[in-house]
> 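Got a structure for you, questions after.
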Amino acid sequence: MHFPTRYRVVISLMLLLLALILLVPLAPYALAYVQGAGGVANPGTELWREVRQGVPGQTQVQGTDTGTLIGAGGEQWRRFRMEQLVPYSAVIFAGVVGLFVLYFLIRGRIRITAGRSGRLIQRYTLSDRWIHWFMAVVFLILMLTGLVLLYGRWILIPWLGPEGFSATAQFCKSAHNLTGLLFPVAVVLVLFAYLREALFNFKVDITWFLRAGGYLGGKHPSSGKINAGQKAWYWTVVVGGVLLCVSGLALYFPDFVQSRELLRNAYQVHTLVAVFIIAFFFVHIYLGAIGMEGSLEAMTSGSVDANWAKEQHDLWYEEVRGQPEPDPPGAGGIAAGGVASPRPDD
Amino acid sequence: MARMKFLCDAERCIECNACVTACKNANEVPWGINRRRVVTINDGSPGERSMSVACMHCSDAPCAAVCPVDCFYFTDDGVVLHDKDICIGCGYCFYACPFGAPQFPANVAFGGRGKMDKCTFCGGGPEPDNSPEEFRKYGSNRLAQGKLPLCAEMCSTKALIAGDGDVVSEIFRERVTYRAASGLAWGWGVAYGKPGQRRASGLENKASSQD
């Protein structure tokens, strides 16, 4: 085969061009290889460290956190939820309930020592009681639906099956979200309704705490309209309620701009505060409705027996003893408003 | 028994996003949902690297651990799947996943999440294989057809490899031997753990431990 010279030149040039096209892009690699041989650190090492630390890169996918390849916070959150929150909260709740069962078995119901006097003292107005029971209903719904979502996988799936529990959990999630919108309203109402009586009177309240409210024996300490324990409960509800509302709202609208880090932190705040409040709630239920004779009627009929007031809230009794007796219980009571009102046994 | 794994070779990925497109094409996912994405680290600087990432089908999957309704399950091939009829869209899997794999359609009132959607390794869901319901909820079930995920099959530089972990790691080992570099496979340490961790999790006899 013999080509004319000009063909040979053209073919050579095209081969050269092809070689250049294939080889020129490799120049940086060749350079890096030469430099690498000179002892320069592998740039890959630094790169993978950044990836593991969650340094975000560029991506075409729009969304929050989409540039992060490995988010290490998820593992921490998993450990928090599965190894700390679920088991420890269960132990705390069971412990509190168990202690009260024990207390009830040992001590029984704490009676009004002097018996009922038959004379009533107005303690909570109708609006005070409405606010209390509004908060109570909202709180109970939120607590029960929240607990179903927290423990249902272990407690309810064996009973309801996966499909049945899925429907239950779906309902509880919606109910939790919708009722949650009322919770800030309830917190603000509670904040203003009982603020005056919940301000601390340090001398009286510290004494009350030091004597554990007289529940473990010893002399019953003095207290104003509400005692130091009730004040602690009030501030727990108000401060914890605000924290629950703020963290709950962050969790409520996941499609705004929250990073996963923020959602995980909001979850931790939300659950820790909820566990604390629920544990305290069990205390509140026991002392308000079960363990003490004559306490519950303060929030149902609105008035209490004078002897109960004298024994439980002596300072408050001194303030109000001269006031006229309220209307007989039932008249204008909360039962008339349509809310179930369990009568305390006498 | 095969143990399905993804591997993205960062030395080969050129950020063409064909895997992302292929995934959408194979599974017809709703608007706004991206089961797979390509991330470029140090974009525009010397030494930039791109990686394609989706669900890594972890051995000890965090999503399955935290799910409050226990809707995840593992196939015999080690693929992590979930049941959309059970999912309540709480988003916990999204908090826990290191790779950002779970996706949520934003079509529910009050900013709520719809049912979670994620990469199925083209393995469908609990419905009968390749039934219309399965396709509507989870996309195609290529595994049941004897095929591998479309993202990996479409990859032009064969950066993204999917398949049995033994085969995949053998391919990668060969590459590394020729390339005289190491440790550049994306995500394996996190998704499948070190042998010691797998032993601690009681996974030592699983296929994933035999690589």
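Reminder, nothing fancy here: chain letters follow the sequence lines and each chain counts from 1.
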> About how many Å separate CD of Q170(A) and SG of C90(B), when rounded to the nearest 0.5 Å?
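The SG atom of C90(B) sits 10.0 Å away from the CD atom of Q170(A).
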> Taking side chain as C-beta onward, heavy atoms only, is P98(B) less than 4.5 Å from E75(A)?
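In short, these two side chains do not touch, never coming nearer than 4.5 Å.
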> What pair of heavy atoms forms the shortest contact from K173(A) to I88(B), and how long is it?
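Minimum heavy-atom contact is NZ-O, 3.0 Å.
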> For each of D43(B), D70(B), V69(B), N34(B), tally heavy-atom pairs with chain A at distances under 4.5 Å, and name the one with the top tally.
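The candidate making the most pairs under 4.5 Å is D70(B).
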> Measuring heavy-atom distances to chain B, does Y151(A) have an atom under 4.5 Å in its side chain, in its backbone, in both, or in neither?
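Neither the backbone nor the side chain of Y151(A) comes within 4.5 Å of chain B.
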> Does atom OH of Y73(B) have more than 12 heavy-atom neighbours, drawn from other residues, nucleotides or ligands, at distances under 6.0 Å?
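Yes, because the 6.0 Å sphere around OH of Y73(B) holds more than 12 heavy atoms from other groups.
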> Measuring heavy-atom distances to chain B, does A72(A) have an atom under 4.5 Å in its side chain, in its backbone, in both, or in neither?
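For A72(A), neither part sits under 4.5 Å from chain B.
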> I'd like to check F99(B) versus L69(A) (side-chain heavy atoms, cut-off strictly below 4.5 Å). Are they in contact?
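Result no, sub-4.5 Å side-chain heavy-atom pair not found.
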> One pair to check against side-chain contact (heavy atoms from CB on, under 4.5 Å): I41(B) and V55(A). What are the steps and the verdict?
CA-CA 8 Å; I41(B) 305 288; V55(A) 176; 6.0 Å; no
> CZ of F276(A): more than 12 outside heavy atoms within 6.0 angstrom?
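Atom CZ in F276(A) is not packed in, count stays at 12 or less.
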> For C87(B), is it the side chain, the backbone, both, or neither that has a heavy atom closer than 4.5 Å to a heavy atom of chain A?
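Just its backbone gets close to chain A.
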> Does any backbone or side-chain atom of S174(A) lie under 4.5 Å from a heavy atom of chain B? Answer side chain, backbone, both or neither.
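Neither part, no heavy atoms under 4.5 Å.
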> Rounded to the nearest 0.5 Å, what separation is found between the OG1 atom of T40(B) and the CD atom of Q60(A)?
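The OG1 atom of T40(B) sits 7.5 Å away from the CD atom of Q60(A).
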> Where do F94(B) and R260(A) come nearest, in terms of heavy atoms and distance?
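Closest approach of F94(B) to R260(A): O-CD, 3.0 Å.
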> Check each atom of I157(A) against the heavy atoms of chain B and say whether the ones under 4.5 Å are side chain, backbone, both or neither.
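The side chain, not the backbone.
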> Just so I know, are the side chains of W77(A) and V66(B) near enough to count as touching, which here means a heavy-atom distance under 4.5 Å?
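A side-chain contact under 4.5 Å exists here.
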> Can you tell me which portion of R78(A) sits under 4.5 Å from chain B's heavy atoms? Options are side chain, backbone, both or neither.
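Both backbone and side chain of R78(A) come within 4.5 Å of chain B.
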> If I measure from the heavy atoms of chain B, does V86(A) come under 4.5 Å with its side chain, its backbone, both, or neither?
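No part of V86(A) comes within 4.5 Å of chain B.
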> At their closest point, which heavy atom of T66(A) faces which heavy atom of R37(B), and how far apart are they?
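T66(A) and R37(B) have their closest heavy atoms at O-NE, 2.5 Å.
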> Working to the nearest 0.5 Å, report the span between OH of Y95(B) and CG of N265(A).
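Answer rounded to 0.5 Å: 11.0 Å.
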> If you count every heavy atom of other residues, nucleotides or ligands that lies below 6.0 Å from Q84(A) atom CD, does the total exceed 12?
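Counting neighbours around CD of Q84(A), more than 12 heavy atoms of other residues, nucleotides or ligands fall under 6.0 Å, so yes.
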> When rounded to the nearest 0.5 angstrom, what distance separates CD1 in I86(B) from CD in E163(A)?
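The CD atom of E163(A) is 4.0 Å from CD1 of I86(B), to the nearest 0.5 Å.
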> Who wins among G67(A), G73(A), G74(A) for the most heavy-atom pairs under 4.5 Å with chain B?
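The option with the most such pairs is G74(A).
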> Nearest 0.5 Å, what's the CD-OG1 distance between E15(B) and T59(A)?
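The distance works out to 7.5 Å.
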> For L149(A) and P68(B), which heavy atoms make the closest approach, and how far apart are they?
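Minimum heavy-atom separation between L149(A) and P68(B): O-CB, 3.7 Å.
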> List the atom of A65(B), the atom of M82(A), and the distance in Å for their closest heavy-atom pair.
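So the minimum-distance heavy-atom pair works out to O-CE, 3.0 Å.
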> Under a 4.5 Å heavy-atom cut-off, does chain A meet the side chain of V38(B), its backbone, both or neither?
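Just the backbone, heavy atoms under 4.5 Å.
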